[in-house]
Amino acid sequence: MVPSDSTVRVRFAPSPTGFFHIGSARTALFNWLYARHCGGTFLLRIEDTDRQRDTEEYLQVLLDGLRWLGLDWDEGPTVGGPHGPYFQSQRGEIYAAYLQKLRDSGRVYDKDGAVWFRVSGEPALIDDRIRGRVQRLEEKDFVIVRSDGSPVFHFVIVVDDIAMAVSHVIRGEDHLSNSSKHVELFRAFDRPPPLYAHIPLILKTNGPGKMSKRDSGALIEEYQRRHYLPEAVRNYLCLLGWSPKNDREILPIEEIIALFDLPAVNRNNARFDEKKLAHMNGEYVRALPAEEFYGRALPLLREAGLLAGAPTEDYVRSVLALCQEKLRGLEELPHFCAYFFREDFSMDENGRKKIFAAGDPAVRVREFLAALGQWNGEWTENSLEQLLRAFAEERGRKTSDYVHPLRYAVSGQTVGPGFYGMLTILGRERVLDRLSRFPCH
RNA sequence: GCCCUCAUCGUCUAACGGUUAGGACACCGGAUUCUCAUUCCGGCAAUCGGGGUUCGAUUCCCCGUGGGGGUGCCA
């Protein structure tokens with residue numbers, strides 16, 4: 001049973017930079033998981049303090065990415081809430097009021113046109129649900145309002161977290177050292193600091209340092225564009241720094257929500273592994289219920305121009321049903337099944353070499369074509385299989401001596417779905433036609 | 001430099017102080033009398049080093065070493 005704790009309030013506070021980094025996405029995910037696990041509130045707050053940028057357009061990338069991953073927020077842009085506005089650029093008056101509190105208590109001073117915060121000289125205690133109690137002395141005073149009047153990150157997040165009643169701050173470990181500044185500010189406002197949870201960082205697959213936006217696989221947009229299943233990406237991200245134990249990896253999000261908790265989050269950084277993500281995506285694709293697979297696949301076929309010949313829905317469905325179990329990802333579907341929809345399909349070059357290396361395929365194709373032309377049997381998977389087996393046996397050959405050249409002649413590929421199912425769906429006319437044209441195509 | 005933090009196969013991870021240190025990805029090999037990119041089976045492969053504590057340490061403590069982060073009028 002999921003405990004319900006309405007006092008838990010967590011937030012994801014991204015800056016709209018024009019891309020959605022995988023590390024940010026994982027931070028958003030862990031916040032969301034914790035909120036859902038506790039029955040708490042997940043808020044989205046936009047740190048759009050940099051006014052030079054085109055916030056509106058950049059914001060959309062972020063919101064699209066969050067929605068795509070299924071991370072819905074309870075308060076924030078487009079949904080509103082009682083603690084708005086949820087854009088930092090619109091919270092100037094609140095920052096001014098909080099700054100005045102610090103002036104009144106003598107914790108700030110002006111220097112070089114900027115406002116400086118005076119540190120206490122006491123080590124700050126960071127109460128971290130993942131790392132335990134971390135102590136750090138903030139030694140130097142720091143700027144909280146720049147000389148151009150704009151408030152600094154450290155100041156605004158503390159003000160916003162107070163004003164929005166945030167109970168748990170779940171963020172990347174790169175902020176752990178900054179937390180001493182934040183705890184100092186909370187104390188200066190005479191407020192108890194929130195509970196922290198500094199989650200491990202996602203490191204580059206190879207080489208030093210954390211994932212940067214330039215690394216392959218670093219951006220959520222990329223997975224959207226490549227038709228990854230969002231459930232798969234989300235599931236993979238859950239496994240970077242957390243484990244459901246019991247040797248399980250793929251599990252429904254409801255179950256992850258039930259199992260997820262902060263103390264169970266790992267403390268060590270994790271390297272990103274694009275291959276494992278791709279593998280997991282394949283597992284999700286192959287496990288999709290037929291109806292859902294059809295719904296997800298159709299747009300890809302359309303995009304690739306494969307539906308230009310207006311195939312019937314039944315035909316498309318049978319092609320998809322045949323191909324699904326072989327796919328490693330939706331992305332490869334159009335190429336994988338193109339020959340079902342067009343006559344000018346490509347002949348794989350490596351496949352050609354492979355086939356010809358085993359003997360002249362045209363001979364086998366002609367032999368079988370002759371037999372097939374006179375054959376009056378039922379055009380079904382079973383009877384086609386019986387036909388070919390008997391045919392090969394009569395000639396003292398292995399079935400595979402014929403299957404390989406025939407598959408290549410009919411599909412241009414050496415790999416693909418089950419051979420007899422493929423013939424069945426293509427139909428008598430097209431199979432005869434393609435065989436008779438081989439190797440010219 | 002200083003501060004914080006972390007440490008199990010190449011990678012992601014599991015293991016009340018007692019296990020032949022488990023699973024997954026990747027890689028390698030085999031099977032699926034049609035392919036393989038699906039599926040199945042098998043293999044390779046790890047407790048960073050040194051001290052303690054303990055009958056017993058991957059697990060607790062200390063010191064090294066190595067990694068990561070911070071140290072901005074960036075967020």
Side-chain angles (χ1 to χ4, degrees), chain A residues 13-17 24 47-50 88 111-116 123-124 126 128 130-132 134-140 142-154 156-157 171-181 198 200-206 208-210 236 239-250 266-280 282-283 285-286 323-329 332 336 351 354-355 385 388-389 392-393 398-408 411 413-423:
Chain A
S15 172
T17 52
S24 294
E47 315 240 326
D48 58 344
T49 47
D50 191 344
Q88 283 187 344
K111 191 175 86 179
D112 304 328
V115 181
W116 291 70
I126 301 147
D128 194 292
I130 296 170
R131 283 149 214 285
V134 177
Q135 280 195 310
R136 186 171 186 280
L137 175 66
E138 194 60 42
E139 291 175 293
K140 293 185 294 188
F142 55 93
V143 170
I144 58 171
V145 180
R146 298 184 193 91
S147 49
D148 69 358
S150 61
V152 170
F153 162 76
H154 302 298
V156 297
I157 65 156
R171 51 163 40 156
E173 198 219 345
D174 48 344
H175 288 293
L176 183 53
S177 293
N178 287 329
S179 295
S180 49
K181 289 188 177 72
H198 286 93
L201 301 182
I202 300 178
L203 269 30
K204 291 179 197 291
T205 306
N206 300 301
K210 52 181 178 175
Y236 173 74
L239 266 26
L240 247 32
W242 177 82
S243 165
K245 323 275 191 209
N246 298 114
D247 294 339
R248 297 209 300 155
E249 292 194 326
I250 293 185
N266 294 146
R267 292 186 291 273
N268 48 324
N269 295 337
R271 275 190 196 277
F272 179 69
D273 185 349
E274 207 169 356
K275 285 185 175 172
K276 183 145 185 174
L277 206 195
H279 176 266
M280 194 167 277
E283 299 247 334
V285 167
R286 292 187 295 275
C323 295
Q324 181 181 3
E325 61 170 336
K326 297 283 185 177
L327 290 178
R328 289 179 304 181
E332 67 182 16
F336 192 85
K354 198 170 148 189
I355 292 293
E385 183 169 355
L388 184 57
R389 281 177 188 284
E393 200 177 338
K398 290 183 293 183
T399 313
S400 57
D401 291 340
Y402 289 95
V403 169
H404 298 327
L406 290 169
R407 172 190 291 281
Y408 186 69
S411 71
Q413 304 291 320
T414 54
V415 299
F419 177 62
Y420 304 105
M422 188 175 100
L423 295 185

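Below, chains carry the letters A, B, ... as their sequence lines are ordered, and counting in each starts from 1.
No engagement by A:Gly282 is indicated, since no non-hydrogen atom pair under 4.0 Å with the nucleic acid exists.
Listed nucleotides B:A37, B:C73, B:C25 differ in distance to A:Asp112; the shortest reach to its side chain belongs to B:C73. Across B:A75, B:C73, B:C34, the shortest atom-to-atom separation from the side chain of A:Val403 is found for B:C34. In this structure, the nucleotide among B:G68, B:A37, B:A24 sitting nearest to the side chain of A:Pro208 is B:G68. Closest contact between the side chain of A:Arg267 and the listed nucleotides B:C25, B:C6, B:C34 involves B:C6.
Side-chain to base pairing of A:Lys276 with B:A24: one donor and one acceptor N or O lie within less than 3.5 Å of each other. With hydrogens and angles left out, the side chain of A:Thr399 and the base of B:C34 share no donor-acceptor pair within 3.5 Å. Side-chain atoms of A:Asn178 and base atoms of B:G70 include no donor and acceptor less than 3.5 Å apart. Under 3.5 Å, the side chain of A:Arg407 and the base of B:C34 form at least one donor-acceptor pair of N or O atoms. In terms of polar N and O atoms assigned as donor or acceptor, the side chain of A:Lys326 comes within less than 3.5 Å of the base of B:C36 in a complementary pairing.
The CG atom of A:Leu240 sits 15 Å away from the C1' atom of B:C6 (whole-angstrom rounding).
In a base pair of the Watson-Crick type (N1 to N3 plus N6-O4 or O6-N4) or a G-U wobble (N1-O2 and O6-N3), with each distance short of 3.5 Å, B:U65 is matched with B:A7.
Using modelled atom types, no side-chain atom of A:Arg171 and backbone atom of A:His198 make a donor-acceptor pair closer than 3.5 Å. Without hydrogens or angle criteria, A:Asn246 side chain to A:Arg248 main chain gives no donor-acceptor distance under 3.5 Å.
Look at the C1' atom in both B:A24 and B:G17: the space between them is 27 Å, to the nearest Å. Across the P atoms, B:C16 and B:U58 are found 14 Å apart, a figure rounded to whole Å. For the C1' atoms, the distance linking B:A26 with B:A57 amounts to 31 Å, nearest Å.
Heavy-atom contacts from other residues, nucleotides or ligands closer than 6.0 Å to CD of A:Glu393 number 12 or fewer.
Cation-pi geometry between A:Lys326 and A:Phe336 is not met at under 6.0 angstrom from the ring centre and within 45 degrees of the axis.
For B:C25, neither phosphate oxygen OP1 nor OP2 lies less than 4.0 angstrom from any side-chain nitrogen or oxygen of A:Lys275.
For A:Ser243 and A:Asp174, each mapped to the nucleotide of RNA chain B holding its nearest heavy atom, the one lying further toward the 5' end belongs to A:Ser243. Comparing A:Gly113 and A:Gly418, the nucleotide of RNA chain B nearest to each residue sits closer to the 5' end for A:Gly418.
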